[in-house]
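Take a look at the structure below.
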Amino acid sequence: MSQLDAYYEVVLSLVQEAGAVIRDKINRPKDIMTKSCDIDLVTESDQQVEKLLIDGLSSKFADHKFIGEESSSPGEKIELTDAPTWIIDPIDGTMNFVHGLPHTCVSIGLLIDKVPEIGIVYNPILEQLFTARRGQGAFLNNSPIHVSNQKELSKALIMLEMGTSKDPEKMKIVMENLHVLTPQVHGLRALGSAALDMCMVALGGADGHFEFGIHAWDIAAGDLIVREAGGICIDPAGGPLDLMSRRVLCAATTELAQELAKSLIQYYPERD
Ligand code: LIP
């Protein structure tokens, strides 16, 4: 077994354990705390799942590093080094989790030398396990998945999010892009989780996705899953994706990605 095989085997087992926690807690009373604003939520389950993942991985791989949503302080600068680094959103779609809406997931990616090697997004409520390893394709519940072949924005279903920021400038841009895109596309959809939105593109159920204001932990796994499913992940202005920029655009094809990028009104949050 290669080192990467060992990493994958261990993280897959831990993700299943994390899923069991989410399944058990989603319909129980929750201790809900707020972070950057009154709709940016965190629960004890977010913290419990992140600790489960980090403790489990660090006990096996002592030299690995971690970038986790709940162990990163708001505004703290995040440093991604060449060391094997797990980028973790323990519960992506926390607002959905709080309300019991079954679109919520664990999202975890492994980067080595800053290159994504493993991506896993697991919705334990709907039993959707999205996985990818570099160069080995993307899968849903171990069945291969592939993006659509959509090249035209006018025929595309686009995923986007309202976000959990009440910053007036950010909210203005969200509404402006809804107004700009609505007449140009087949439809707009939001699941409340960037990771799941990206997996819908990888699945071929949506054709594109973009969001301003996300963090590396929301997209690290989805980036690899989309690309291993044959799609493309870039910066929303059309350049290369920067995990720390808090900006993402993914699509089934380069043509669609570039057409979507050209249509968007841009927003540049402070980097992670
Ligand atoms: C969420 C993202 C979503 C974004 C929300 C929030 P969380 O992650 O997945 O795309 O719109 O603002 O950041 O906070 O549920 O882990």
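Computed over heavy atoms, backbone and side chain alike; hydrogens, waters and symmetry mates excluded.
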Worksheet item: Side-chain contact, heavy-atom cut-off 4.5 Å: Met198 with Ile219?
Response: yes
Worksheet entry | Heavy atoms of other groups near Gln3 CD, more than 12 under 6.0 Å | no
Worksheet item: Under the 3.5 angstrom rule, does the side chain of Asp113 hit a backbone N or O of Val115 as a donor-acceptor pair?
Response: no
Worksheet item: Is the side chain of Lys30 donor-acceptor paired with the backbone N or O of Arg28 at a distance under 3.5 Å, no angle test?
Response: yes
Worksheet item: With a 4.0 Å cut-off, would you call Lys60 and Glu9 a salt bridge?
Response: no
Practice prompt. Would you check if the side chain of Thr164 reaches a backbone N or O of Ile39 as a donor-acceptor pair within less than 3.5 Å?
Written response: no
Fill in: Separation of His209 NE2 from Leu191 CG (nearest 0.5 Å)
9.0 Å
Discussion item. Between Glu161 (side chain only) and Gly192 (backbone N and O only), is there a donor and an acceptor less than 3.5 Å apart?
Written reply: yes
Response to the item:
What one should report as the nearest heavy-atom pair of Ala18 and Val106 is CB-CG2, 4.0 Å
Worksheet, complete the sentence: Applying ring pair (Phe, Tyr, Trp, His ring centres under 6.0 Å) to Phe61 and not counting sequence neighbours gives Tyr7, His64
Fill in: Cluster link Ile67 to Trp86, ILVMFWY, side chain under 4.5 Å
no
Worksheet item: Out of curiosity, does Leu111 fall in the hydrophobic cluster containing Leu224 (side-chain heavy atoms, cut-off under 4.5 Å, transitive links)?
Response: no
Practice prompt. Report yes if some heavy atom in the side chain of Leu41 is under 4.5 Å from a heavy atom in the side chain of Thr43; otherwise report no.
Written response: no
Worksheet item: Do Ile88 and Leu52 share a hydrophobic cluster, counting only Ile, Leu, Val, Met, Phe, Trp and Tyr and linking them when any side-chain heavy atoms are less than 4.5 Å apart?
Response: yes
Worksheet item: Are Ile87 and Leu4 connected, step by step, through hydrophobic side chains (Ile, Leu, Val, Met, Phe, Trp, Tyr) whose heavy atoms are closer than 4.5 Å?
Response: no
Worksheet item: Using links of under 4.5 Å between side-chain heavy atoms of ILVMFWY residues, direct or through other members, which residues join Leu249 in one cluster?
Response: Leu153, Ile158, Leu160, Met162, Ile173, Val174, Met175, Leu178, Val180, Leu181, Val185, Leu188, Phe210, Phe212, Ile232, Ile234, Leu256, Leu260, Leu264, Ile265, Tyr267
Discussion item. For residues Val49 and Val98: do they belong to one hydrophobic cluster (side chain heavy atoms under 4.5 Å, members Ile, Leu, Val, Met, Phe, Trp, Tyr)?
Written reply: no
Worksheet item: Is it true that a side-chain atom of Arg246 and a backbone atom of Ile214 form a donor plus acceptor pair closer than 3.5 Å?
Response: yes
Discussion item. Could you check whether any side-chain heavy atom of Val248 comes within less than 4.5 Å of a side-chain heavy atom of Leu241, counting everything from C-beta outward?
Written reply: yes
Worksheet item: So do the side chains of Leu57 and Leu110 get within less than 4.5 Å of each other, counting heavy atoms only?
Response: no
Discussion item. If I take atom CG from residue Asp89 and atom OG1 from residue Thr94, how far apart are they, to the nearest 0.5 angstrom?
Written reply: 6.0 Å
Discussion item. One thing to verify: whether Lys35 and Glu70 come together as a salt bridge, which I'm taking to mean a side-chain N less than 4.0 angstrom from a carboxylate O.
Written reply: yes
Fill in: Shortest non-hydrogen separation from Gln184 to Ser263 and the atoms involved
OE1-OG, 3.3 Å
Fill in: Expected output: side-chain Asp218 to main-chain His215 donor-acceptor under 3.5 Å
yes
Fill in: Rounded distance [0.5 Å steps], NZ in Lys51 versus CG in Leu53
11.5 Å
Worksheet entry | Distance, nearest 0.5 Å, that separates CG of Asp197 from CD of Glu211 | 7.0 Å
Worksheet item: With the threshold set at 4.0 Å, does a side-chain nitrogen-carboxylate oxygen contact exist between Asp272 and Lys77?
Response: no
Fill in: Minimum heavy-atom distance Thr253-Gln150, with the two atoms named
OG1-O, 2.7 Å
Worksheet item: Does any non-hydrogen side-chain atom of Ile32 lie less than 4.5 Å from one of Met95?
Response: no
Practice prompt. Identify whether the distance between the nearest side-chain nitrogen and carboxylate oxygen of Asp46 and Lys25 falls below 4.0 Å.
Written response: no
Worksheet item: Do Ser107 and Asp92 have a side chain donor and acceptor closer than 3.5 Å?
Response: no
Worksheet item: Which heavy atom of Glu228 sits nearest a heavy atom of Gly137, and at what distance?
Response: OE1-N, 2.8 Å
Discussion item. Could you report the tightest heavy-atom contact between Pro236 and Arg247, atom names first, then the distance?
Written reply: CD-CB, 3.6 Å
Worksheet item: In terms of side-chain heavy atoms, does Asp207 have a donor or acceptor partner in Ser148 at a distance below 3.5 Å?
Response: yes
Discussion item. To the nearest 0.5 Å, what is the distance between OG on Ser72 and CD1 on Ile78?
Written reply: 4.5 Å
Discussion item. Less than 4.5 Å apart, side chain to side chain, heavy atoms only: is that true for Arg134 and Pro116?
Written reply: no
Worksheet item: Taking side chain as C-beta onward, heavy atoms only, is Phe130 less than 4.5 Å from Cys105?
Response: no
Practice prompt. Mark yes or no for whether Thr104, through its side chain, and Gly93, through its backbone, hold a donor-acceptor pair below 3.5 Å.
Written response: yes
Discussion item. When you compare the side chain of Thr131 with that of Tyr8, does any pair of heavy atoms fall below 4.5 Å?
Written reply: yes
Response to the item:
When rounded to the nearest 0.5 Å, the distance separating SG of Cys199 from CG of Leu129 is 9.5 Å
Item to complete: Indicate the atoms forming the closest heavy-atom contact of Phe97 with Ile22, along with that distance.
Response: CE1-O, 3.8 Å
Discussion item. Please list all pairs meeting side-chain hydrogen bond (donor to acceptor under 3.5 Å, both in side chains) that have one or both residues in residues 121-130, counting only residues at least two apart or in different chains.
Written reply: Gln16-Tyr122, Arg23-Tyr122, Arg23-Glu127, Tyr122-Glu127
Discussion item. Go through it in stages, so that I can follow the logic: the residues are Ser193 and His103, the test is side-chain contact (heavy atoms from CB on, under 4.5 Å), and I'd like the CA-CA distance, side-chain angles, deciding distance and then a yes or no.
Written reply: CA-CA 7 Å; Ser193 156; His103 297 290; 5.9 Å; no
Discussion item. Phe66 vs Ser71, test: side-chain contact (heavy atoms from CB on, under 4.5 Å). Steps then yes/no.
Written reply: CA-CA 9 Å; Phe66 300 91; Ser71 39; 6.0 Å; no
Discussion item. Whether the side chain of Asn96 engages the backbone of Pro102 through a donor-acceptor N/O pair (distance < 3.5 Å, no angle test) should be reported.
Written reply: no
Worksheet item: Is the number of heavy atoms from other residues, nucleotides or ligands under 6.0 Å of Glu169 CD greater than 12?
Response: yes
Item to complete: Give a yes or no on whether the backbone of His179 and the side-chain of Thr182 come within a donor-acceptor separation of less than 3.5 Å.
Response: no
